[in-house]
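Reminder, nothing fancy here: chain letters follow the sequence lines and each chain counts from 1.
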2 protein chains.
Amino acid sequence: MVTDVLESCRSCVYSSELFEGLSEEELEFLVNYTSYRSFRKGEIVFLQGDEIRYISFLKKGLLKVFKQDHESRGQIISIAKPNDCVGLLSVFSNHQHQYSIAALEDSLIYYIELTAVHHILRKNGNFGIRLLGRISRAADTIINNAFDISRKNIRGRIAFILHEFSEDIYKKDEFDLPVSRKEIGELIGMTTENVIRVFSEFRRDGIIEIKGKTIRILNKSLLQTLEKFG
Amino acid sequence: MVTDVLESCRSCVYSSELFEGLSEEELEFLVNYTSYRSFRKGEIVFLQGDEIRYISFLKKGLLKVFKQDHESRGQIISIAKPNDCVGLLSVFSNHQHQYSIAALEDSLIYYIELTAVHHILRKNGNFGIRLLGRISRAADTIINNAFDISRKNIRGRIAFILHEFSEDIYKKDEFDLPVSRKEIGELIGMTTENVIRVFSEFRRDGIIEIKGKTIRILNKSLLQTLEKFG
DNA sequence: CGCGGCTTTGATGTTCATCAAGTAAAGTGG
DNA sequence: CCACTTTACTTGATGAACATCAAAGCCGCG
């Protein structure tokens, strides 16, 4: 049983470019401080304010990273894909998580204890450089997305998010939305009603086909135009 | 002359918590790869797309970090204050700057060659950890600001930005705006006209006093209320 | 001195949020 | 498994917030 975890974890660790350049002992060390857990769709992984004790890797599934502001509506910061380090942004600047994480699909997460990561960081500067790259890229992506979206109109935003699901996440023209209409609204800053309205509009215009959560993209080039100029 | 630079730089380097824990030799080494330059108000420090060769510290002055999208209006990502590392977010994830930087006031910037920073990073893991903290905090701030602003109305946004200038940047109730009305619009995502309209409204309501670029805050508590609920 | 950019105000129009109301789907407890 | 409740989805009508357009005064600069 234990060896299963370690072997699985080891292959996971090896597969990430983040850990290239670590010595055999260093990898062994990290593996000893690594655990894992699976989450059902809808489960909370951790909450804003929880103490940070691990670096978490999403191995399988899909997560949403979000902020819940007091009584106001929530906001989704980003969607994490397999091989993403979730919550990485706050790990080195805070003791508590700044965002909450929930599973959008059944997911598997590997945890490496933060103390162990720090230990390696102190010994292996190249690992720090890789981690710096990883964090910078994550931040860049979030910031660019946020600013890109903010200057699009609602049609452009829906086109953007359909593009993201189709090209980045599922890499297919037909896919099941892992989120509700409401969550799409929280992701791109518009109301649920308008998300639905634009979906319907796109359907009427023959741009997409909708069957509940299932979306099929029919006119990709028009969608791209809408994303660009919307 | 050279010693001037080194001494000045050294005091700068020492003063930053980022470099705590570096050995005497390491500091000496970094100082040898450090240079500096002053910029006049309005000057470009570097442009989106320029090769990244330095880590840049703002020692004195004020900078704007912005994106210029083809023909569309520009967007200001953030304003850098003294002791900020500018462009840090892109340093470890890209070879080119992702944003442009311009001086809003006469400014003084210290440059440490990136190769030298990498050299220290490889040798001193604790330095990497500090740098990770720094980058995380910078990203956190930008992301939080962006999301905070996005759910405020125009009055709340102006209240927010006045608060930022008064409390974070100048730490005074009266200050000279270092930016045009247009730039304020680019910073908080609204049109120049509406920036002006809200300014005038705040003036009429006795919340602020305006003399050209000079702003004096008269009713701080009302401004806070507007920021919170706007 | 005149030109271009910045500032200001007003009038107009569009976009989007809100409100309302109804249908469908998905949990929940007996 | 079925009635019941809740949550998600959908459409339409209305209004508020904000962008856009227009016009004029102001300021700095070559």
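With sequence neighbours left out, B:Phe92 forms a ring pair (Phe, Tyr, Trp, His ring centres under 6.0 Å) with B:His118. With sequence neighbours excluded, the residues forming a salt bridge (charged side-chain N to carboxylate O under 4.0 Å, His left out) with B:Glu183 are B:Lys64, listed by chain and number. For B:Glu201, the salt bridge (charged side-chain N to carboxylate O under 4.0 Å, His left out) criterion is met by B:Arg155, not counting sequence neighbours. Listed by chain and residue number, A:Phe175 satisfy the ring pair (Phe, Tyr, Trp, His ring centres under 6.0 Å) test with A:Tyr170 (two or more places apart in sequence, or in another chain). With sequence neighbours excluded, the residues satisfying salt bridge (charged side-chain N to carboxylate O under 4.0 Å, His left out) with A:Arg134 are A:Glu17. For B:Phe39, the ring pair (Phe, Tyr, Trp, His ring centres under 6.0 Å) test picks out no residue, with sequence neighbours left out.
The C1' atoms of five pairs define one axis at each end of the helix from C:dC1-D:dG30 to C:dG30-D:dC1, and these two axes lie 50° apart (to 10°).
What separates CZ of B:Arg155 from P of D:dA17 is a distance of 7 Å, to the nearest Å. The CG atom of A:Leu177 sits 10 Å away from the P atom of D:dT10 (whole-angstrom rounding). Straight-line distance from the CD1 atom of B:Ile154 to the C1' atom of D:dT20: 14 Å, rounded to whole Å. What separates CD1 of A:Ile188 from P of C:dA17 is a distance of 10 Å, to the nearest Å. Atom pair B:Glu183:CD and C:dC6:C1' shows a separation of 11 Å (rounding to whole Å applied). Across the protein-nucleic acid pair, B:Met190 atom CE and D:dT20 atom C1' stand 14 Å apart, rounded to whole Å. Atom NZ in A:Lys152 sits about 18 Å away from atom C1' in C:dC16, given to the nearest Å. Atom P of nucleotide D:dA8 and atom CD of A:Glu186 are separated by 10 Å, given to the nearest angstrom.
Taking the six-membered ring where the residue is Trp, the centroids of A:Phe57 and A:Tyr110 are separated by 6.0 Å or more.
Residue pairs satisfying the side-chain hydrogen bond (donor to acceptor under 3.5 Å, both in side chains) criterion with at least one member in residues 205-216 of chain B, sequence neighbours excluded, are listed as follows: B:Glu174-B:Arg216, B:Asp176-B:Thr214.
A heavy atom lying under 4.0 Å from DNA chain D marks the following residues of residues 193-201 of chain B, by number: B:Glu193, B:Asn194, B:Arg197.
For D:dA8, neither phosphate oxygen OP1 nor OP2 lies less than 4.0 angstrom from any side-chain nitrogen or oxygen of A:Ser180. For C:dT9, one of the phosphate oxygens OP1 or OP2 lies less than 4.0 angstrom from a side-chain nitrogen or oxygen of B:Arg203. Under 4.0 angstrom from either OP1 or OP2 of D:dC9 there lies at least one side-chain N or O belonging to A:Lys213.
Counting non-hydrogen atoms under 4.0 angstrom, A:Arg157 reaches nothing in the nucleic acid.
In summary, A:Asp173 and A:Lys220 engage in a salt bridge, as defined by a charged side-chain N under 4.0 Å from a carboxylate O.
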